[in-house]
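The structure presented is a predicted model; accordingly, all values stated were derived computationally and were not measured. We number each residue from 1, following the sequence as shown.
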Amino acid sequence: MNGFTGFVLRRTVGFTGFVLRRTVGAAVTLLAISVIVYVVFYATPGNVAQITCGPRCSPEQVHQVARQLNLDDPLFLRYWHFLQGLVAGQDYSTGTSVQHCSAPCLGLSYQSDQQVMQLIWAKLPVSLSLVSGAMVLWLLLGVGTGVLSAWRRGRFSERVLTGLTLAGTATPVFVIGLVLMIVVCGELRLLPFPQYVALTDDPEQWAWNLLLPWLSLALIEAAAFARLTRASMLETLAEDHIRTFRAYGVGERSIVGRHALRGAFAPVIALNANNVGSAIGGAVLTETLFGLPGIGQELVHAVDVVDLPVVVGMVLVIGFFVVLANAVADVLYAVADRRVVLT
């Protein structure tokens, strides 16, 4: 009993240290992302002041705007104030009054004087609704297709599934979205043209209006999951313990479902983390195509009007979700494979 208790204690301490290392690594990565993004977008303060003031502003007015936005300060000092705003909030002068931006403060929009974090909170539920629903579909379609393709290896059905997977990988999301809208909404009239409805307002309409965007995004991502799952399944099915199960007369369905799939699932966890993070940032085309008022569409608008605080804030939030998704994937990977904790 003492030996078992010591083993559990060592595993617990090892896992806790693993989580702490991943947490520190994620924080350092986020800090590095913030430095790179801030330097890239704020390296030309004169242009920012001119764009914010407008094309008809005199040099004196442009200089006044630059001073109000603290663009005359050194870049490292402005970045330090930016970090202070993230941690403790910051006060901004909007001309006739002072507006307090609560932490985490990403600044004020140059166009509307609205807090960037408020804009993000307003748009984030749309993007999360799109990505979460699509994630369920791409896992079901991708993993299911990969398992079936590995199980039916060498048969006609496996060739058909492989062809569909390659077609899904090569087809852009806007092509799939347009085809789905034309066929499903236009010709067959099975679904209405997508118009975002909040989940809290009407869950049924929320799902019906997001079904086509979910499918458009999921079909692209499912192709990658199908290929990875098929390769992992074939590798696992070729291992010695699987041959031992077959020699003892264990059914093929039990081998595939209970043993081979479990061994092939770890790479799927890592790929899903990458896809969830990148899908939030890559939802620009999907949201623009279907008119969904999410982060992607807001980012396109901010780039169009050169609203740098909004652009920087959106990019940092997207980076946060990418880093968070990968950190969670590392922890889940460690749970699925205990050897990860020990290394």
Assess whether side chain to side chain contact (heavy atoms under 4.5 Å, CB included) is satisfied between Leu285 and Thr288, documenting all intermediate values. CA-CA 5 Å; Leu285 288 176; Thr288 303; 5.9 Å; no

Taking the side chain as C-beta and beyond, is there a heavy-atom pair between Met181 and Pro194 under 4.5 Å? yes

Does any non-hydrogen side-chain atom of Gln297 lie less than 4.5 Å from one of Leu292? no

Point-to-point distance, once rounded to the nearest 0.5 Å, from CG of Leu212 to CG of Leu190: 9.5 Å

Distance in Å, Leu77 CG paired with Phe82 CZ, rounded so as to fall on 0.5 Å steps: 14.0 Å

Looking only at heavy atoms, what is the nearest atom pair of Cys185 and Pro192, with distance? SG-O, 3.5 Å

Inter-residue atom distance Leu211.CG - Leu180.CG, 0.5 Å rounding: 9.0 Å

Closest approach of Pro213 and Leu130, non-hydrogen atoms and distance? CB-CD1, 3.6 Å

Where at least one partner belongs to residues 178-199, residue pairs that pass side-chain hydrogen bond (donor to acceptor under 3.5 Å, both in side chains), sequence neighbours excluded: none

So, the side chain of Gln205 versus the backbone of Ala198: is there a donor-acceptor pair under 3.5 Å, distance only? no

According to ring-ring contact (aromatic ring centres under 6.0 Å, His included), who are the partners of Tyr79, at least two apart in sequence or on a separate chain? Tyr38

Above 12 or not: heavy atoms from other molecules or residues under 6.0 Å from CH2 of Trp206? yes

Heavy-atom distance under 4.5 Å between the side chains of Ile36 and Ile33, does that happen here? no

If Ile, Leu, Val, Met, Phe, Trp and Tyr residues are connected whenever their side-chain heavy atoms lie under 4.5 Å apart, and connections chain through other members, are Ile220 and Val179 in the same group? yes

Has Gln114 got more than 12 heavy atoms of other residues, nucleotides or ligands less than 6.0 Å from its CD? yes

Donor-acceptor contact present, side-chain Ser34 to main-chain Leu31, <3.5 Å: yes

Roughly how far, to the nearest 0.5 Å, is the CG atom of Leu215 from the OG1 atom of Thr286? 11.5 Å

Could you see if Leu30 belongs to whatever hydrophobic cluster contains Leu83? Use Ile, Leu, Val, Met, Phe, Trp, Tyr and a side-chain cutoff under 4.5 Å. yes

For a 4.5 angstrom cut-off between non-hydrogen side-chain atoms, does Lys123 reach Pro293? yes

Look at the side chain of Thr229 and the backbone N and O of Phe225, then say whether any donor-acceptor pair between them is shorter than 3.5 Å. yes

Which residues pass the side-chain hydrogen bond (donor to acceptor under 3.5 Å, both in side chains) test with Ser216, sequence neighbours left out? none

In residues 131-139, what donor-acceptor pairs under 3.5 Å come from side-chain atoms, sequence neighbours left out?
from, atom 1, to, atom 2, distance (Å)
Ser132, OG, Leu128, O, 2.7
Ser132, OG, Ser129, O, 3.3
Trp138, NE1, Asn272, OD1, 2.9

State yes or no: do Val39 and Leu106 share one hydrophobic cluster built from I, L, V, M, F, W and Y residues joined by side-chain heavy-atom distances below 4.5 Å, directly or via other members? yes

Taken to the nearest 0.5 Å, the spacing of Cys101 SG from Met117 CE works out to 9.5 Å

List, one per line, each side-chain donor-acceptor pair under 3.5 Å for residues 301-322, sequence neighbours excluded.
from, atom 1, to, atom 2, distance (Å)
Asp307, OD1, Tyr110, N, 2.8
Asp307, OD2, Ser109, OG, 2.4

Tell me every residue that passes side-chain hydrogen bond (donor to acceptor under 3.5 Å, both in side chains) with Glu287, counting only those two or more places apart in sequence or in another chain. Ser127

Do Phe290 and Leu178 belong to the same hydrophobic cluster, where Ile, Leu, Val, Met, Phe, Trp and Tyr are linked whenever their side-chain heavy atoms lie under 4.5 Å apart, directly or via other members? yes

Are Phe193 and Val197 linked, directly or through intermediate hydrophobic residues, by side-chain heavy-atom contacts shorter than 4.5 Å (ILVMFWY only)? no

Out of curiosity, Thr145 OG1 to Arg230 CZ, how far, rounded to the nearest 0.5 Å? 12.0 Å

